[in-house]
Each structure stands twice: as C-alpha cells, then as structure tokens.
2 protein chains.
Amino acid sequence: MSTSPSLERTSGDTRDRILDIALELFTVKGYEKTSLREIAERLGFSKAAIYYHFKSKEDILFALHMRLHAFGLGALDGPLSTNNSPTEWTAFLYQLIDQVLEHRALFILHERNRAALDALHNERHGAEHDDLEARLQAAFSDQKVKLEDRVRMASAFGAILGGLVLVGNVFADTSSDDLRAQFRMIVNDIMRTGA
Amino acid sequence: MSTSPSLERTSGDTRDRILDIALELFTVKGYEKTSLREIAERLGFSKAAIYYHFKSKEDILFALHMRLHAFGLGALDGPLSTNNSPTEWTAFLYQLIDQVLEHRALFILHERNRAALDALHNERHGAEHDDLEARLQAAFSDQKVKLEDRVRMASAFGAILGGLVLVGNVFADTSSDDLRAQFRMIVNDIMRTGA
DNA sequence: GTCTATATAGGGATAGAC
DNA sequence: GTCTATCCCTATATAGAC
C-alpha cells in the first residue's frame with residue numbers, strides 16, 4: 001500500500017506546502033479564524049488554486065489529522081492493544097513521549113483545535129480510523145480497574161501532554177533526549193513502576 | 001465592591017442565562033461555530049436581544065473568561081506570588097485541584113477554545129488581568145531552577161489539567177472528595193514532597 | 001496547476017418600533 | 001427588554017479561461 005494520506009494524491013509538492021502553512025496558521029490563529037485566502041497568500045498563489053489540491057477547507061484539517069494518525073499514532077497501537085497492567089501502560093506512555101517529542105507541532109495543533117477536530121470526527125465516523133481517543137477514554141473508565149490506578153493512568157497521560165503540549169514552548173531549549181529521560185522518570189513516579 | 005463581572009450590569013438574570021447557554025455551546029461546538037442566533041433560540045428570544053446584554057459576541061466569551069478569573073483564579077494568586085520552592089508549588093497545585101473540581105465546566109471551556117481566548121487576551125492586554133498563564137510560563141522557564149524541577153512542576157500541573165480536563169468526563173461518577181485525595185497523592189509523587 | 005470572476009450563504013452588528 | 005428588518009462584510013466554494 002502507498003502512503004496516500006487521505007485522498008487521491010495529485011501534485012505532492014505544493015500539497016505538502018499547503019499543509020505546512022496550514023499547520024502553522026491553524027495552530028497560532030485557530031482553524032476557523034484562518035482563511036484559505038491567507039494560506040494562499042503565504043504561498044504566493046490565489047485562493048482558488050487550493051481547491052485543486054483539496055476539495056474543501058475541512059479536508060486540509062483532515063489531512064493534518066491523518067498525518068498524526070499515520071506516523072504518529074500508528075506506533076501506539078501495539079502498546080494499547082492488550083488489557084493494561086501498570087507496566088503495559090508505562091510502555092505505552094514511553095511510546096507516547098517519543099511520539100510527542102517527534103511530532104510536537106501536530107500535537108499542539110490538535111490541542112488547540114479540539115472543537116473543530118471533534119466535529120470532523122463526528123462527521124466521518126464511518127471512516128478508516130477507529131480512534132485512539134475512544135480507546136483512551138475506555139481505559140480510564142474501565143470499572144474493573146480500581147480508581148487509584150485509573151487516576152494514575154490518566155494523570156501520567158496528562159503529565160506528558162500537559163508538560164509538553166499544553167504548556168507551550170517552554171523547554172524548547174532542551175534536547176529531546178534530556179526531555180525523554182525526564183518524562184520517563186515522571187511516568188515511573190506516577191505509575192510507581194521501578195526506574 | 002459589587003460583583004459586576006466585566007461591564008456595567010443590566011438585567012442580571014437573563015444575562016446569566018445567556019452566559020450559561022454560551023458556556024455550554026462554546027464548549028461542545030466551539031466558540032466560532034456557535035452563532036448568536038443559536039444561543040438566542042435556546043433562550044426563546046431573538047438574536048438582537050442579546051445585544052442589549054452584551055455589546056459583542058466576543059464580550060460573552062470575555063465574561064466567561066472573567067467568571068473563571070474571578071472566583072477561580074483569584075484563589076491562586078497567593079500560592080503563586082512568591083518564588084516557588086517544591087513545597088510552595090505543591091501548595092499551589094492543591095489549590096488548583098480544588099479550583100478545577102469546583103469549576104470544571106469553565107476549565108473545559110478554556111481548554112477547548114484556547115485559540116479564541118488567546119486572541120481575546122492579545123486584544124485586551126491593557127486590561128485589568130495580569131494573566132496567570134504568563135506567570136506559569138515564567139515559572140516553567142525560569143533558568144535559575146534546574147531542569148528536573150521545572151519538568152516536575154510542569155508535569156504536575158499537566159497531570160491535574162490533563163487528568164481532570166483534557167480527558168473529558170471520565171471520573172464523573174467519582175466524588176470530588178475522592179478525586180481531590182487521589183490527585184493530591186499524584187502531586188506528591190511527582191513533586192516528591194512527603195505525603 | 002493557477003488565474004479571475006462570481007455565486008451563495010451566514011454571521012455579527014445596528015436602527016428603530018413596541 | 002425584546003422584536004423585525006436590514007446592512008455589511010467575509011468566507012467557502014464553483015465556473016470557466018489560460
């Protein structure tokens with residue numbers, strides 16, 4: 001299978017440039033407040049040209065969502081598949097740390113446009129992605145697991161997202177290796193799994 | 001001093017009802033995707049009536065922001081004022097837990113509309129609120145504090161927000177008292193302050 | 001693949017009656 | 001305090017030329 005992100009591929013090059021600019025603008029200004037005219041302007045061509053590459057504005061957002069889904073969350077499928085013990089959950093969170101560090105911009109986009117992305121998700125629920133977020137919610141809600149453990153799972157998850165995404169660009173001066181080590185330590189402290 | 005949230009008070013009653021509906025719709029649909037017509041419809045009157053109570057749509061969002069600012073974040077001023085040692089930071093986070101538990105809906109609104117709220121903030125930077133978020137960023141970025149401690153501060157902050165807000169309505173069946181106890185424990189584990 | 005021009009719709013906001 | 005009617009603007013999206 002090829003790597004076509006969501007729809008039939010056309011030019012490839014300018015398509016990706018559109019996505020890069022959209023990623024930036026959607027993140028700083030928000031999805032709705034960003035107009036296609038603005039994106040086009042930044043790329044040096046006109047608004048209508050975008051419609052050659054994407055059939056709608058929403059499709060641009062969807063493609064960005066799929067970027068994360070493809071090379072981001074795919075790696076998380078394994079660790080989350082089984083019923084989670086604390087050690088398995090820790091393994092999952094280790095992966096999450098790596099993914100966030102590698103695709104931070106995409107995570108920030110998602111964090112800052114949750115309403116728009118939820119709408120997307122509701123409209124296309126028949127589609128190919130069976131949703132990591134639902135699986136997370138299920139894990140946190142699983143009544144077979146005792147409350148303390150569920151809170152620890154959710155908190156450790158939140159510590160990573162909160163510390164690396166919610167909080168903005170603090171730690172920009174710190175290397176990914178250092179951050180990975182630090183956040184693994186935190187995860188261990190929360191999950192009370194040995195270092 | 002009276003309790004006027006942001007502008008001159010007029011009716012009070014319907015003003016608050018507008019805010020309640022707006023809080024709900026802004027949260028589930030997002031600020032931009034919610035129209036004033038929709039808010040008015042839910043209240044049984046017409047769009048124009050809203051303009052008697054608020055001078056603009058943005059002002060509704062601002063009033064909701066001020067709600068949190070007033071009876072939410074006011075309580076956090078004390079613990080954050082001094083230069084933070086781990087124990088002081090823990091005290092601050094204890095307060096934060098209480099605030100989130102008490103005003104969860106407002107926190108979720110903020111989490112789901114960060115772009116719109118940032119725009120608000122940029123436009124009104126001359127105004128009365130000298131911004132908790134900037135102080136947080138400053139604390140996390142303070143180069144006088146060693147990296148590990150800053151990561152712990154940010155992570156503990158993220159654990160609370162992530163575990164109670166980001167993650168949605170899991171734990172809705174759990175009492176606030178239980179949650180408070182659980183999250184205090186987590187904070188202690190992350191900050192390595194004694195139980 | 002990109003352009004100009006245009007169709008169409010919806011939203012925020014105001015005026016003025018009641 | 002709430003209404004109807006309207007203004008105005010911006011945005012997405014399409015048609016068709018180049």
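This one's a predicted model, so the numbers in the text were calculated from it and none came from an experiment. Chain naming here is simple, since letters A, B, ... match the order of the sequence lines and numbering starts at 1 in each.
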Give B/Phe45 one of three labels, base, sugar-phosphate or nothing, depending on what nucleic acid heavy atoms sit under 4.0 Å from its own.
sugar-phosphate
Kindly indicate, with the supporting measurements, whether the criterion salt bridge (Lys or Arg N to Asp or Glu O under 4.0 Å) is fulfilled by A/Asp59 and A/Arg124.
CA-CA 11 Å; A/Asp59 248 52; A/Arg124 319 206 177 187; 3.1 Å; yes
May I ask you to check whether A/Asn188 and A/Tyr94 show a side-chain donor-acceptor distance below 3.5 Å?
yes
Using atom CD of A/Glu58 as one end and atom C1' of D/dA13 as the other, report the distance to the nearest whole Å.
13 Å
Does A/Tyr31 have A/Lys57 sitting over its ring (NZ/CZ under 6.0 Å from centre, angle to axis within 45°)?
yes
Contacts of type side chain to side chain donor-acceptor pair (under 3.5 Å), residue B/Ser35, not counting sequence neighbours
none
Residue list, side chain to side chain donor-acceptor pair (under 3.5 Å) with A/Arg192, at least two apart or on another chain:
B/Asp189
What is the distance from CD of B/Glu41 to C1' of C/dG11, rounded to the nearest Å?
14 Å
Taking only N and O in the side chain of B/Ser46, is any of them less than 4.0 Å away from OP1 or OP2 of D/dC3?
yes
Which whole-number value in Å describes the distance from B/Ile50 CD1 to C/dG11 C1'?
12 Å
With the threshold set at 4.0 Å, does a side-chain nitrogen-carboxylate oxygen contact exist between A/Asp20 and A/Arg42?
no
Here the distance between atom C1' of D/dT4 and atom OH of B/Tyr52, to the nearest Å, is 19 Å
Polar pair under 3.5 Å, donor/acceptor by atom type, side chain B/Lys47, base C/dG12
yes
Those residues of residues 29-40 of chain B lying under 4.0 Å from DNA chain C by at least one heavy atom
B/Thr34, B/Ser35, B/Leu36, B/Arg37
Separation of atom CD1 in A/Ile60 from atom P in D/dT12, rounded to whole Å
9 Å
Which whole-number value in Å describes the distance from A/Arg17 CZ to C/dG1 P?
12 Å
Under 4.0 Å from OP1 or OP2 of D/dA13: is there any side-chain N or O of A/Tyr51 that close?
yes
Can you tell me which nucleotide in D/dT2, D/dA15, D/dT4 comes closest to the side chain of A/Ala48?
D/dA15
Between C/dT14 (P) and B/Lys57 (NZ): distance, integer Å:
15 Å
From CZ (B/Phe157) to CE (B/Met153), nearest 0.5 Å:
10.5 Å
